[in-house]
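Have a look at the structure below before the remarks.
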Amino acid sequence: MATDKVVDDEKRTDKAAYVLKAVAHPLRIRIIQMLSENKELNVSAIYKNLNAEQSLISHHLINMRDKGILDIRRSGKNIYYFLVDSAVAEVIECIYKSKILS
């Protein structure tokens with residue numbers, strides 16, 4: 001039925017807005033770009049590269065993990081973050097290529 005399609009489209013639109021809001025911060029965008037280039041990184045590598053406080057980076061990483069953008073891999077005492085889906089980084093790249101930023 002047509003109403004089922006509208007409901008499905010609305011759910012997808014809501015989820016897309018949720019994901020965009022979850023990454024809508026300059027540090028989060030930079031973290032996503034770093035993870036896209038490096039596949040996975042630990043907190044120390046991220047905060048050193050971004051020249052930011054570890055607690056601030058940890059906050060953003062946890063937030064994006066809670067929202068399903070990132071996940072972790074444990075190796076001993078180290079926790080490595082990685083993108084769940086590279087399409088998120090591709091969306092950011094599309095925005096960078098758009099005329100909006102010109």
Working to the nearest 0.5 Å, report the span between NE2 of His60 and CD1 of Ile32.
11.0 Å
Determine all donor-acceptor pairs shorter than 3.5 Å in which one atom belongs to a side chain in residues 76-96; sequence neighbours excluded.
residue: Asp85; atom: OD1; partner: Ala87; partner atom: N; Å: 2.9
residue: Tyr96; atom: OH; partner: Gln33; partner atom: NE2; Å: 3.4

Heavy atoms of other groups near Ile100 CD1, more than 12 under 6.0 Å:
no
If you round to the nearest 0.5 Å, how far is CZ of Arg73 from NZ of Lys39?
14.0 Å
Under 4.5 Å between any side-chain heavy atoms of Ile29 and His25, yes or no?
no
Run the side-chain contact (heavy atoms from CB on, under 4.5 Å) check on Arg28 and Leu61 step by step: do they pass?
CA-CA 8 Å; Arg28 291 181 188 174; Leu61 291 169; over 6 Å; no
Run the side-chain contact (heavy atoms from CB on, under 4.5 Å) check on Leu50 and Met34 step by step: do they pass?
CA-CA 9 Å; Leu50 294 177; Met34 287 177 59; 3.7 Å; yes
Would you compute the distance between atom CG of Leu20 and atom NZ of Lys15 and round it to the nearest 0.5 angstrom?
11.0 Å
Nearest 0.5 Å, what's the NZ-OH distance between Lys67 and Tyr18?
5.5 Å
Supply the atom-to-atom distance Leu35 CG to Leu41 CG, rounded to the nearest 0.5 angstrom.
5.5 Å
Value for CD1 (Ile31) from CD1 (Ile69), rounded to nearest 0.5 Å, stands at 11.5 Å
